[in-house]
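In the text below, chain A, chain B and the rest are named by the order of the sequence lines, each starting its count at 1. Here the structure is a predicted model, which means the values were calculated and not measured.
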Amino acid sequence: MAMITYREALNAALAEEMERDKDVFLMGEEVGMYNGAYKVSKGLLEKFGELRVVDTPITELGFAGLGVGAAMLGLRPVIEFMTHNFAMLAWDQVFNSAAKVLYMTGGQYSCPIVFRGPSGAALQLSAQHSQALEATYAHFPGLKVVTPATPADAKGLLKASIRDGDPVVFLESELLYALKGEVPDDADFIIPLGVADVKRQGTDISLITHGKMALTCLQAAAKLEKEGISAEVVDLRTLRPLDVEAILRSIHKTNRAVYVEEGWSFGGIGATIVSLIQEEAFDYLDAPVVRVTQADVPMPYAKQLEKLAKPTVERIIEACNRVLYRTQEA
Amino acid sequence: MAMITYREALNAALAEEMERDKDVFLMGEEVGMYNGAYKVSKGLLEKFGELRVVDTPITELGFAGLGVGAAMLGLRPVIEFMTHNFAMLAWDQVFNSAAKVLYMTGGQYSCPIVFRGPSGAALQLSAQHSQALEATYAHFPGLKVVTPATPADAKGLLKASIRDGDPVVFLESELLYALKGEVPDDADFIIPLGVADVKRQGTDISLITHGKMALTCLQAAAKLEKEGISAEVVDLRTLRPLDVEAILRSIHKTNRAVYVEEGWSFGGIGATIVSLIQEEAFDYLDAPVVRVTQADVPMPYAKQLEKLAKPTVERIIEACNRVLYRTQEA
Amino acid sequence: MAQTEMPARKRGRPESENADTPGGLSKEELHKLLRQMLLGRRFEEKTAESYAIGKIGGFCHLYIGQEAVTVGAFSCLRPDDYVITAYREHVQALVKGMAPRSVMAELYGRSGGSSKGKGGSMHLYSKEHNFLGGWGIVGGQIPLATGAGWAIKYRGGDQVCLCFMGEAAVNQGAFHESLNMAALWKLPVIYIVENNRFGMGTAWERASSLYDISQKAHAYDMPSLIADGMDVLSMRSTMMEAVDRARTEKMPTLVEARCYRFMGHSMSDPVSGVYRTKEEVEEHKAKDPIRVFIEQLQSAGVLSEEELTAMDKEVHAEVEDAAEFADQSPEPGLDELYTDVYAEENEHGRLFFDNKNRLEQA
Amino acid sequence: MAQTEMPARKRGRPESENADTPGGLSKEELHKLLRQMLLGRRFEEKTAESYAIGKIGGFCHLYIGQEAVTVGAFSCLRPDDYVITAYREHVQALVKGMAPRSVMAELYGRSGGSSKGKGGSMHLYSKEHNFLGGWGIVGGQIPLATGAGWAIKYRGGDQVCLCFMGEAAVNQGAFHESLNMAALWKLPVIYIVENNRFGMGTAWERASSLYDISQKAHAYDMPSLIADGMDVLSMRSTMMEAVDRARTEKMPTLVEARCYRFMGHSMSDPVSGVYRTKEEVEEHKAKDPIRVFIEQLQSAGVLSEEELTAMDKEVHAEVEDAAEFADQSPEPGLDELYTDVYAEENEHGRLFFDNKNRLEQA
Ligand SMILES: Cc1ncc(C[n+]2csc(CCOP(=O)(O)OP(=O)(O)O)c2C)c(N)n1
Ligand SMILES: Cc1ncc(C[n+]2csc(CCOP(=O)(O)OP(=O)(O)O)c2C)c(N)n1
Ligand SMILES: [Mg+2]
Ligand SMILES: [Mg+2]
């Protein structure tokens with residue numbers, strides 16, 4: 001165990017997997033000489049050289065597609081999008097090539113590739129640079145989608161993603177890079193895709209979430225405890241595959257839930273989780289599941305507006321109150 | 001009233017709006033000399049000339065962005081994507097430019113543009129050409145999303161979309177183009193965005209749907225009637241704005257619902273509708289709402305596999321049975 | 001297998017062995033080229049027939065008239081070289097070595113098809129033959145080809161990758177982004193633009209401000225060549241230069257192959273009338289690359305009537321056999337619906353969110 | 001307003017009136033150019049200050065060192081001409097005529113800002129001044145500019161649109177697709193590549209296989225020019241040719257303006273050390289376009305010490321006033337969160353799917 005940052009955990013995962021498998025390479029804007037726009041790839045160019053740590057022109061569509069082609073030939077590319085906001089330029093290659101090649105070839109060509117980078121809002125980056133896009137990725141069969149919230153999850157899940165045989169979209173967070181946590185040093189420390197993590201046990205209500213919001217939910221749960229409410233925090237960690245059993249287990253226990261996510265509401269992750277819950281645990285629900293999401297607007301620049309647009313501990317607690325004391329409503 | 005096809009209805013809407021407003025122009029691949037890949041723009045080049053009916057190179061990102069820039073200067077572009085599958089190449093301009101420009105400019109520059117074209121599966125076009133993508137569009141605030149199912153809806157909604165002050169994504173269907181129906185001739189026949197259409201009244205169960213699937217639901221409802229089940233068919237027609245009241249009215253009446261859509265399940269339209277229903281009509285539900293969607297796979301080419309992948313009358317009825325006779329389950 | 005294996009002659013060195021025959025090739029080599037073109041032509045004539053009677057569905061794009069481009073180009077390849085292309089790829093699949101049976105069965109959507117019927121006409125692939133297929137998004141294959149070139153370089157191999165595209169794909173951003181990376185990183189990729197004059201109904205000059213496609217290479221400081229795509233031997237000699245450069249100097253080349261599409265864009269598009277005249281089409285058909293090559297071989301005395309008839313008969317039989325096989329090949333099993341979506345499914349979590357799981361529970 | 005209005009001289013005709021002064025411009029005109037550069041410089045020095053003390057947040061990209069490009073180029077424009085650019089646009093906003101107050105207030109995220117605080121540093125716009133802003137996706141503004149050119153042509157107007165981009169944006173597919181359409185359809189757009197040598201930490205030659213950007217225009221059969229972006233007058237005379245061509249012949253031009261970024265890429269990027277040496281930066285700073293222009297005017301005897309001091313004082317005051325105004329300007333009201341998402345909301349249906357509706361019901 002070592003106390004390292006989320007950034008260092010990702011860096012270690014990359015270094016270890018590149019050590020282990022010479023077919024793994026990292027490609028993206030500024031990943032080499034600049035050590036990464038967010039320094040995630042610090043030192044990797046020096047360690048692995050220009051063929052395995054590749055600075056690209058600003059051509060998201062081009063290098064994402066290049067990665068898919070290289071994966072068809074058996075390499076294991078890790079494609080860094082400086083942020084997933086820019087990946088939209090490459091989505092055709094992600095959705096029409098990577099996600100479909102195994103199927104269209106009848107199983108002949110697989111596509112073991114990781115598309116990674118930060119997603120979601122940081123601080124005052126405004127509309128074009130503050131989008132949480134996991135819901136769009138999760139919509140497309142053929143892709144796997146991973147959203148780690150802690151340094152340990154970041155390392156264990158990135159290593160699993162790189163070793164996985166399918167295209168994996170890996171969403172990090174600018175605001176988490178500096179977060180510190182205990183991380184196993186073991187070079188074979190892997191967190192399998194599809195296993196949720198109950199980050200806090202509780203009995204009264206389930207806070208189900210993924211990515212960065214897991215931490216916000218933990219803060220909310222701590223506050224709720226003071227009010228005598230025992231909230232369970234279920235961090236899905238991976239959205240596809242999805243640990244439905246873990247969700248149902250928690251619902252069976254608490255009978256009440258709030259879904260918390262950074263992204264937008266319409267077509268968000270929460271909508272799908274709520275649907276699954278009501279389809280598969282209908283009789284266990286004592287109250288409707290409420291969703292806490294980003295305000296349904298492009299992210300504004302002004303500090304207070306941005307704060308108002310983001311899911312906060314307060315809004316989570318307000319939602320919990322609605323779910324716990326429905327009689328107060330209507 | 002005239003009996004015309006869905007294709008002719010769209011053509012009439014375009015012609016009438018271009019007649020009415022000289023700022024409206026149509027741009028896309030093959031829309032001019034070729035009269036449209038699906039002949040929707042038949043005769044328009046002849047009628048309006050090369051400046052207003054514009055054949056483009058195959059550069060979806062480029063001409064979609066060109067449309068957004070032209071809209072900022074006050075024109076009203078109608079951008080045709082030969083199909084929305086190809087629009088993925090242009091999504092950056094749709095999501096990062098069109099959907100956000102009004103907000104980022106603090107209201108200075110609006111973007112009155114229509115992005116239209118067929119979406120969803122036709123027959124044996126396989127994985128890259130058979131995607132129903134409305135859910136992805138509806139996820140982004142700033143956009144409006146329209147999915148007409150009949151010739152009359154196609155005309156009334158396209159005219160409304162062209163007159164609308166915001167970016168509208170308009171999703172048609174290859175399989176509907178030849179569908180005939182009664183359509184008002186009135187040059188000011190408009191169907192406002194945000195008004196669902198109860199295409200069949202019923203009391204036992206609500207089949208809620210949008211686009212092409214409205215017709216499949218009507219067929220299912222007819223069959224169910226023979227089995228003594230009265231199914232109501234609610235065609236949302238527009239997804240954003242969404243006629244939530246109409247959904248709730250139907251639920252209050254039937255207490256049971258099935259959502260039917262062409263697209264994929266995770267992050268699909270149905271997931272959001274189910275969440276809204278359980279949030280806002282929780283106590284009115286006698287059974288979980290079940291969703292009927294495309295199989296969660298890239299669309300296969302082989303005829304039988306494709307049929308198996310699509311939502312069918314049989315699968316809708318099977319879902320209704322589950323919702324109506326839950327006791328038979330588990 | 002029809003896999004081409006011509007002597008991959010060192011650049012510049014003349015094929016003096018057969019200095020007197022067309023292209024300096026041996027009779028066997030010349031017959032092989034002709035046979036490949038004939039096979040492609042007959043295969044697609046059969047394809048059109050089968051499409052007409054509904055045995056083939058979806059979009060189907062015929063290559064008739066462009067055979068010389070592929071046959072000439074592939075004759076410069078080794079079996080372990082890669083080819084990637086768009087949706088007009090039946091003939092390229094065959095010439096790269098795929099069995100007519102597996103190709104036809106794929107068009108029929110049968111389990112005996114190269115993709116088990118999941119891909120269809122636009123999506124033919126063969127890992128065995130390094131045929132990377134078969135892509136439907138115009139320009140989408142160009143970055144993928146660049147990735148194949150990257151992988152070859154990464155592994156220090158000496159294969160090359162041919163990337164075919166229609167001229168209309170040249171206007172896509174993917175072309176621009178890919179050629180820059182290929183030239184910047186010296187990747188062994190040859191980008192072959194099959195300029196058949198039209199992108200669907202749009203003539204090249206209506207879609208591009210620059211007529212001469214080969215000049216676009218200058219924007220990337222990349223060498224370029226113009227080839228006569230109606231003449232298999234000149235296509236071959238032009239490609240020989242590009243392939244040698246890629247293999248030995250690891251430098252990409254942009255090749256414009258000027259050719260013409262004899263049929264409509266797809267089965268629903270009339271041959272002429274809307275965007276080109278009957279006369280224009282006839283004019284080009286008069287230069288049918290197969291007829292021209294046959295006459296060339298005959299006048300060079302390396303192809304007798306008997307040999308030609310025998311060859312055509314043989315090819316016909318091969319095509320009929322393929323159609324027969326496709327007809328007999330069973331529909332893919334319904335269980336195939338959910339296979340090949342993911343290569344790796346662990347015991348954790350759910351990957352499918354339709355009613356698959358419920359169906360399986362039932 | 002600082003809106004430039006120079007005599008839009010007929011092409012070729014010399015400005016003989018002032019044949020003896022630099023650029024053949026009158027003293028007033030020359031002072032105006034200098035003042036615009038000074039204003040930009042001082043404004044951004046203040047911006048850096050305010051950023052350091054947290055009054056400005058998010059990404060912030062300074063233009064210091066590149067002022068001559070914008071001031072020279074805009075001096076060829078009419079007020080009704082359009083400008084669109086990327087995120088390094090403070091100075092362009094000012095020179096196009098936006099009030100320093102509204103720009104600074106936007107950087108501060110206040111209601112007095114040009115976008116009411118919703119856009120910030122990367123998203124400045126002014127409909128009043130035909131300043132189309134202010135875009136954060138590299139290359140994203142290029143198709144938009146092409147659309148502005150289209151709209152001008154559509155309406156038969158004689159305005160032009162300047163589209164600024166960094167050199168790194170040239171590799172984006174959007175560049176390729178846009179220049180082809182602009183040349184094909186003869187749109188009055190001038191694509192100005194500000195080649196400041198680096199895209200973030202990547203030197204141009206590490207990102208492009210072709211060094212000479214202006215040559216990329218040949219791929220679209222488009223005229224191109226190279227301008228000295230460190231010299232405001234040579235920038236002006238180069239742009240005069242491009243603007244005249246766009247206005248009179250409706251032909252686009254690609255202009256490469258060679259310049260240099262004196263500061264880091266953004267506030268978090270050190271000026272030198274990682275991807276360029278301190279020496280390299282110093283070398284370019286020695287050619288500071290403002291100092292050079294001042295010396296040029298002084299030696300030409302059209303700028304006295306007093307005039308310079310007065311001008312600088314005036315500009316300083318304007319910038320301080322802007323900062324003062326921004327400081328005083330109130331935060332945007334919380335109700336602004338949901339405005340400007342849609343221009344048109346009818347009485348039907350729901351457009352917002354978060355808890356907005358519930359909040360309003362409450
Ligand atoms: C991105 C994209 N846009 C549009 C289409 C529809 N489409 C299919 S083929 C085609 C024409 C392509 O012409 P060209 O590249 O010259 O190839 P050819 O058909 O002539 O072989 C078009 C527009 C598509 N498949 N993909
Ligand atoms: C599509 C996209 N990719 C990456 C980024 C991140 N990014 C912002 S600026 C920049 C460098 C751009 O350099 P250049 O175009 O030369 O403009 P300059 O900053 O030098 O003015 C990068 C990579 C982005 N904003 N958009
Ligand atoms: Mg073509
Ligand atoms: Mg630069």
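The distance from the CG atom of A/L125 to the OG atom of D/S121 is 11.0 Å, given to the nearest 0.5 Å. To the nearest 0.5 Å, atom OH of residue A/Y301 and atom CD of residue D/E106 are 8.0 Å apart. From D/T202, atom OG1 reaches atom CG of A/D55 across 5.0 Å, with rounding to the nearest 0.5 Å. The distance from atom CG of D/L337 to atom CD of A/E306, rounded to the nearest 0.5 Å, is 11.0 Å. Note: A/Q124 CD to D/I56 CD1 = 10.0 Å, rounded to the nearest 0.5 Å. Atom CG of A/D296 is separated from atom OH of D/Y338 by 7.5 Å, given to the nearest 0.5 angstrom.
For D/L107, the part lying under 4.5 angstrom from a heavy atom of chain A is the backbone only. Contacts of D/W204 with chain A are absent, with no heavy-atom separation under 4.5 Å from either backbone or side chain. Neither the backbone nor the side chain of D/D340 comes within contact range of chain A; no heavy atoms are under 4.5 Å apart. Heavy-atom distances place the side chain of D/E331, and not its backbone, under 4.5 Å from chain A. For chain A, the nearby part of D/Y108 is the backbone; its heavy atoms alone come within less than 4.5 Å. At a 4.5 Å heavy-atom cutoff, the contact between A/T293 and chain D is made by side-chain atoms alone.
Across all non-hydrogen atoms, the minimal contact from A/A302 to D/G109 is CB-O, 3.5 Å. Across every non-hydrogen atom of D/G199 and A/E30, the tightest pair is O-OE2, 3.0 Å. Heavy-atom minimum distance, D/M200 versus A/A37: CE-CB, 4.1 Å.
Within 6.0 Å of the CD atom in A/E46, the count of heavy atoms belonging to other residues, nucleotides or ligands does not exceed 12. Sparse packing is recorded around CD of A/E50, with 12 or fewer heavy atoms of other residues, nucleotides or ligands lying under 6.0 Å away. By the 6.0 Å contact criterion, NZ on A/K42 is open, its count of non-hydrogen atoms from other residues, nucleotides or ligands being 12 or less.
Ranked by heavy-atom pairs shorter than 4.5 Å toward chain A, the options D/G119, D/P332, D/A168 are led by D/G119. Contact count versus chain D (heavy atoms, under 4.5 Å) is highest, among A/N85, A/L308, A/L89, for A/L308. Counting heavy-atom pairs under 4.5 Å between each of A/S265, A/S130, A/A271, A/P300 and chain D puts A/S265 at the top.
Using the six-membered ring where Trp is involved, D/Y275 and A/Y34 have ring planes that are tilted, between 30° and 60° apart. Relative ring orientation between D/F59 and A/H129 is described as perpendicular, the plane-to-plane angle rising above 60° on a 0-90° scale split at 30° and 60°.
Counting only heavy atoms from C-beta outward, the side chains of A/E60 and D/Q172 approach each other to under 4.5 Å. The shortest side-chain heavy-atom distance between A/V297 and D/F352 falls under the 4.5 Å cut-off. When side chains are defined from C-beta on, D/N171 does not count as touching A/I58, because their heavy atoms never get closer than 4.5 Å. Under the 4.5 Å side-chain criterion, counting only non-hydrogen atoms from C-beta, A/L305 is in contact with D/K118.
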- Check the pair D/M122 / A/Q128 against side chain to side chain contact (heavy atoms under 4.5 Å, CB included), numbers first and verdict last. CA-CA 10 Å; D/M122 297 188 288; A/Q128 293 187 313; over 6 Å; no

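A/E29 pairs by the side-chain hydrogen bond (donor to acceptor under 3.5 Å, both in side chains) definition with nothing, not counting sequence neighbours.
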